[in-house]
Amino acid sequence: MNGPVDVPEQAQRVVTLDSFTMGAAFDLGRTPVGVYSAGEQYVEPQFVEKWRPITKISKGTVGGSINLEKVATLKPDLILGIDGAKPPYEQLKQIAPTVILPFNNSKVPWRDMSDASAEALGLGNALQGLQQRYTDRTAAIKRDHADVLARVHWGIIQGGFDQGQFWVYGPKSPIGGILADAGVQFATASTKAVQQQTVSYELIEDLRDADAIFYYSTTADKPANLGPELFDQTAFTTLPATKANHLYGSVYFLPNCYSDALGALDAFEKALTALM
């Protein structure tokens, strides 16, 4: 997005500035020499062991700034990021060739940022295996769980970060698109949200027609962010889905790459199996 960039044919010392380019690098079999860190709690389970020994170029908090001096000491031959994170491009390009991918214009960031990262790394076809696995998995879920998919309507939610509010996700959100590919039917709240919408606890009742709820969970399988507070609300405890114990979480709710999307499908199929 910043004009032509002369990059190595296959970069060997890559610094990634966000979770999307980091996830793509790992999926491509590349280990960055430096990664942006918002904290280990935000690292997907399949990447944690690889992630721990890598040099961190930020302080490990959400929204933390990039340490340019630390990036420079890593002597990268390519720096890879997304425009949604607003990285300091002018300073970074003085250190190494820097490619900033157009996240803000993407409707399916986990897929588009992965594909664009593969191209920037000179590995254009390396994701074909994961791409085919995704296609095969969604087709298999629709085939094997057709009866449940036909009768269950889903609310898709995240606890959020603001007191008294939570987030509802619709069919055009990243997680909603993955579930839609697998044949999900959305309940009213998610259908109304279309993409992603912040709503107050006063609107918990909008989830009443959801037969089941799919939510963002931690690696400890607990509701993430302010999810515990949301789940404790009287209106939430009396929802039909809650009373029926049809609440299903996934740490892959906010997908960054193909392996995350596959993880979300695994969690969704586990939920479908429980509903059979």
Side-chain angles (χ1 to χ4, degrees), residues 41-42 44-45 62 110 137-138 141-142 144-256 260-276:
Q41 67 270 33
Y42 294 106
E44 299 91 326
V62 175
W110 65 265
R137 289 284 285 117
T138 54
I141 290 171
K142 285 192 286 188
D144 297 342
H145 300 277
D147 290 345
V148 177
L149 289 166
R151 63 178 171 82
V152 176
H153 290 76
W154 291 80
I156 316 299
I157 64 170
Q158 178 183 357
F161 294 96
D162 301 318
Q163 291 292 330
Q165 295 184 322
F166 67 105
W167 296 343
V168 178
Y169 291 76
K172 292 190 177 180
S173 66
I175 185 61
I178 291 169
L179 299 183
D181 286 345
V184 76
Q185 293 192 83
F186 295 93
T188 299
S190 287
T191 301
K192 286 166 56 178
V194 182
Q195 292 184 337
Q196 176 184 329
Q197 184 178 14
T198 302
V199 298
S200 73
Y201 285 176
E202 295 173 358
L203 298 178
I204 289 173
E205 288 293 323
D206 285 358
L207 294 166
R208 187 155 292 278
D209 71 332
D211 303 301
I213 290 173
F214 195 76
Y215 63 91
Y216 181 31
S217 71
T218 66
T219 53
D221 201 27
K222 303 292 184 182
N225 312 135
L226 292 179
E229 179 179 300
L230 169 65
F231 282 34
D232 282 343
Q233 299 301 305
T234 300
F236 194 90
T237 63
T238 58
L239 290 173
T242 305
K243 293 169 71 174
N245 198 29
H246 292 168
L247 307 178
Y248 304 98
S250 175
V251 70
Y252 298 107
F253 190 95
L254 303 176
N256 294 316
D260 285 357
L262 289 165
L265 289 174
D266 288 343
F268 183 55
E269 184 168 35
K270 182 178 179 181
L272 292 172
T273 300
L275 288 165
M276 289 179 65

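Keep in mind it's a predicted model, so treat the numbers as computed, not measured.
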* To do: For the pair Y216 and L254, evaluate side chain to side chain contact (heavy atoms under 4.5 Å, CB included) and give the outcome as yes or no after the intermediate values.
  => CA-CA 8 Å; Y216 181 31; L254 303 176; 3.7 Å; yes
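- Across A187 and G155, no two heavy atoms sit closer than the pair CB-N, 4.1 Å.
- Residue pairs meeting the salt bridge (charged side-chain N to carboxylate O under 4.0 Å, His left out) criterion with at least one partner in residues 181-196, sequence neighbours excluded, are K192-D206.
- The OG atom of S173 sits 7.0 Å away from the CD atom of Q196 when rounded to the nearest 0.5 Å.
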Tell me which donor-acceptor pairs under 3.5 Å the side chains of residues 161-171 have, and how far apart each pair is, sequence neighbours excluded?
from: W167; atom 1: NE1; to: T198; atom 2: OG1; distance (Å): 3.1
from: Y169; atom 1: OH; to: Q158; atom 2: OE1; distance (Å): 2.4

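- For the pair I156/I213, no side-chain contact is recorded, criterion being any heavy-atom separation below 4.5 Å from C-beta on.
- I178 places none of its side-chain heavy atoms less than 4.5 Å from the side chain of T138.
- Of the possible polar contacts, none joining the H153 side chain to the D211 backbone as a donor-acceptor pair under 3.5 Å is found.
- Here the shortest heavy-atom pairing between Q185 and L149 reads NE2-O, 2.8 Å.
- Remark: D144 engages no residue in a salt bridge (Lys or Arg N to Asp or Glu O under 4.0 Å) (not counting sequence neighbours).
- Taking the six-membered ring for Trp and the full ring otherwise, the centers of F214 and Y248 sit at least 6.0 Å from each other.
- When all heavy atoms of A210 and A241 are compared, the pair lying nearest together is O-CB, 3.5 Å.
- Between A267 and G249, the shortest heavy-atom distance links the atoms CB-O, 4.2 Å.
- For the atom pair CG of D209 and OG1 of T188, the computed distance is 3.5 Å after rounding to the nearest 0.5 Å.
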* To do: Report the C-alpha separation of Y42 and V251 in whole Å, then their side-chain angles, then the decisive distance to 0.1 Å, and conclude whether the side chain to side chain contact (heavy atoms under 4.5 Å, CB included) test is met.
  => CA-CA 9 Å; Y42 294 106; V251 70; over 6 Å; no
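- The two atoms that bring I175 and A264 nearest to each other are CD1-CB, 3.9 Å, heavy atoms only.
- In the displayed structure, D266 atom CG is contacted under 6.0 Å by more than 12 heavy atoms of other residues, nucleotides or ligands.
- No side-chain heavy atom of Q41 sits less than 4.5 Å from a side-chain heavy atom of T219.
- Contact of the R208 side chain with the P240 side chain is registered, since non-hydrogen atoms from C-beta on lie closer than 4.5 Å.
- From I157, atom CD1 reaches atom CG of L230 across 5.0 Å, with rounding to the nearest 0.5 Å.
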* Begin from the C-alpha positions of D232 and T237 and carry the test side chain to side chain contact (heavy atoms under 4.5 Å, CB included) through to its verdict. => CA-CA 7 Å; D232 282 343; T237 63; 5.8 Å; no
* To do: Could you check F231 against T242 for side chain to side chain contact (heavy atoms under 4.5 Å, CB included), going step by step and ending with a plain yes or no?
  => CA-CA 9 Å; F231 282 34; T242 305; over 6 Å; no
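- Between R137 and E269, some side-chain heavy-atom pair lies under the 4.5 Å cut-off.
- Side-chain N or O atoms of T238 include one that pairs as donor or acceptor with a backbone N or O of A235 at under 3.5 Å.
- Of the candidates F186, Y215, F268, F268 is the only one forming a ring-ring contact (aromatic ring centres under 6.0 Å, His included) with W154.
- The distance from atom NZ of K270 to atom CG of L275, rounded to the nearest 0.5 Å, is 12.5 Å.
- Shown here is E202, whose CD atom has no more than 12 heavy atoms of other residues, nucleotides or ligands within 6.0 Å.
- Rounded to the nearest 0.5 angstrom, I141 CD1 and L265 CG are separated by 4.5 Å.
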